[in-house]
Protein chains: 2
Amino acid sequence: MTRWLDDAQMRAWLGYRRMRLLLDLQVSRDLAEGSGLSDADYDVLSNLSETEGHQLRLSELSAHMRWSKSRLSHHLTRMQQRGLVTREECPSDGRGAVILLTDDGWRAIRTAAPAHVESVRRHFIDRLTDEQIRVLGDIAESVIGHLDEVPVRTPSGEAGKQPAEIAAGKQPAEKAARRQPAKE
Amino acid sequence: MTRWLDDAQMRAWLGYRRMRLLLDLQVSRDLAEGSGLSDADYDVLSNLSETEGHQLRLSELSAHMRWSKSRLSHHLTRMQQRGLVTREECPSDGRGAVILLTDDGWRAIRTAAPAHVESVRRHFIDRLTDEQIRVLGDIAESVIGHLDEVPVRTPSGEAGKQPAEIAAGKQPAEKAARRQPAKE
DNA sequence: GCACCCTGGTTGACATGTCAACCAGCACTG
DNA sequence: CAGTGCTGGTTGACATGTCAACCAGGGTGC
């Protein structure tokens, strides 16, 4: 006996789906036009830019982004060809790969960030009330909290490794303390 | 002078991004495992299933889904090979293509729907309070209302053709009035 | 040190999405 | 009804993502 959704639930779900469709489309388009970076590029750069030394093991990056290693590896190859990142051997683990943000990569994301935040504001943040922003934060926290427990689908174990942290701003860092633009 | 996001705004934006990442991943995985349908398949079938006669012009479908005609055409070719839909000439316009839901397609979505709603509930709806659901509906409405005005990016005009409608449940229809599972 | 297995990462084949070129059919003009 | 141009849709080339196979290096037991 299926428990279908009632009107309000349907409105929320369909609304979410459509918002997602339109919002992400618009924001990535703005990003790409303004900086030549794709959504995925920005995420990668943003994660790297936040770390100590602008570098991260491939596996750490993939775990945090929830990307498969394969996907990340492929994507890094392309970003590497564009000079945004480089790969280096890992000193402590012969198999490992350390991903390094290049100067160009660092410059790219710092340049892209302002317009990106502006875009996020225009299409999203500035359309919401403070109250809505607060509630949305709560909603995301609940949903994420639940899903983060679901192990990442891997053949054998290695389950829920990610900290339950939700935030962790993502931006060219620097501007210190107050986190900035970012995305996922 | 960039107006960076403050803490609450950052929490909402990053939360949204991460929720999106995890939630959509989980829901599509459930869907695929349970029914062999991809997210995209489900959307297409769902839109067709709601129409009079289970058919739609390709262009109407693409406009409503906000997919490019190219993408839709490619996807339909694959779905056609799997017997979920068929293409027919349009009687009123020699160039046109009418997309038809096949019996198999209809059966496929009706079969998939219950588990899909269940999945949406488990990972999303049931984790939220009524209040949160209401506010999320409002949020989506605002954001979508704004974005729907932005014309679909096409070489020449044909701008904002889509009705500003947000909802329009998406489900195997039938169960009449009260709309059901669905997804964008 | 060796057998054995697990882990980190890469790779190739294939699925899916994007972009631009293309083509046939409607529509308007003269 | 020829000329012109726009529209609906398809196609091929290429970008991106997924999946499974593979491989080298690390870790453990002996």
Side-chain angles (χ1 to χ4, degrees), chain A residues 21 24-25 28-29 31-33 36-44 56-82 84-100 152-159 161, chain B residues 21 24-25 28-29 31-33 36-44 56-82 84-100 152-159 161:
Chain A
L21 179 70
D24 294 358
L25 194 63
S28 3
R29 179 177 309 168
L31 180 61
E33 281 178 9
L37 295 175
S38 72
D39 226 71
D41 297 333
Y42 194 96
D43 279 3
V44 170
L56 226 38
R57 282 288 293 273
L58 185 145
S59 55
E60 294 177 301
L61 191 49
S62 91
H64 184 67
M65 298 182 72
R66 296 281 188 139
W67 279 19
S68 70
K69 286 172 190 164
S70 163
R71 175 182 181 185
L72 184 54
S73 181
H74 279 305
H75 199 84
L76 287 173
T77 303
R78 295 182 296 252
M79 291 182 72
Q80 193 168 17
Q81 283 162 355
R82 293 193 286 149
L84 298 171
V85 301
T86 52
R87 266 179 246 241
E88 248 175 50
E89 288 182 10
C90 176
S92 60
D93 186 335
R95 299 162 297 181
V98 177
I99 313 303
L100 230 353
V152 180
R153 157 74 116 240
T154 49
S156 60
E158 202 222 337
K161 222 182 193 172
Chain B
L21 179 71
D24 294 357
L25 193 64
S28 359
R29 180 178 308 166
L31 180 60
E33 281 177 9
L37 295 176
S38 72
D39 225 71
D41 296 334
Y42 193 96
D43 279 3
V44 170
L56 225 38
R57 280 289 292 273
L58 185 145
S59 54
E60 295 178 300
L61 191 50
S62 89
H64 184 66
M65 298 182 72
R66 295 280 188 142
W67 279 19
S68 70
K69 285 170 191 166
S70 162
R71 175 182 182 186
L72 184 55
S73 181
H74 278 306
H75 199 85
L76 287 173
T77 302
R78 296 183 294 254
M79 291 182 72
Q80 193 168 17
Q81 283 161 357
R82 292 193 288 149
L84 299 171
V85 300
T86 52
R87 266 181 246 241
E88 248 175 49
E89 289 181 10
C90 176
S92 61
D93 185 335
R95 299 161 297 181
V98 177
I99 313 304
L100 229 355
V152 179
R153 157 81 114 230
T154 50
S156 60
E158 203 222 334
K161 222 179 188 175

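Chain identifiers are assigned alphabetically (A, B, ...) following the order of the sequence lines, protein sequences preceding nucleic acid strands; residue numbering begins at 1 within each chain. Excluded from the calculations below are hydrogen atoms, water molecules and symmetry mates; all remaining heavy atoms, backbone and side chain alike, are included.
- The distance from atom CD1 of B:I99 to atom P of D:dG8 is 14 Å, rounded to the nearest whole Å.
- Judged by distance alone, the side chain of A:S62 and the main-chain N or O of A:S59 form a donor-acceptor pair under 3.5 Å.
- In this structure, CZ of B:R57 is placed 11 Å from C1' of C:dC26, rounded to the nearest angstrom.
- Rounded to a whole Å, the CE atom of B:M65 is 12 Å from the P atom of C:dT18.
- Residue contacts shown for A:H74 include a base, since a base heavy atom lies under 4.0 Å away.
- Residue-level contact check: B:S59 touches the backbone only, with heavy atoms under 4.0 Å from sugar-phosphate atoms and none from bases.
- For A:R82 and A:D41, the salt-bridge test passes: some basic side-chain N is under 4.0 Å from an acidic carboxylate O.
- The distance between atom CG of B:D41 and atom P of C:dG17, rounded to the nearest whole Å, is 9 Å.
- Counting distance only, with no hydrogens placed and no angle test, the side-chain atoms of B:S70 and the base atoms of D:dT11 include a donor-acceptor pair under 3.5 Å.
- Within the structure, every side-chain polar atom (N or O) of B:R71 is placed at least 4.0 Å from both OP1 and OP2 of C:dC19.
- Rounded to whole Å, the distance from CZ on B:R78 to C1' on D:dT11 is 13 Å.
- For B:R95, no side-chain nitrogen or oxygen approaches OP1 or OP2 of D:dC6 to under 4.0 Å.
- Straight-line distance from the CG atom of B:L58 to the P atom of D:dT11: 12 Å, rounded to whole Å.
- Residue B:S73 has a polar side-chain atom (N or O) positioned under 4.0 Å from OP1 or OP2 of D:dT10.
- Side-chain nitrogen and oxygen atoms of A:K69 include none within less than 4.0 Å of the OP1 or OP2 phosphate oxygen of C:dG9.
- Taking atom CG of B:D39 as the reference point, atom P of D:dT18 lies 12 Å away to the nearest angstrom.
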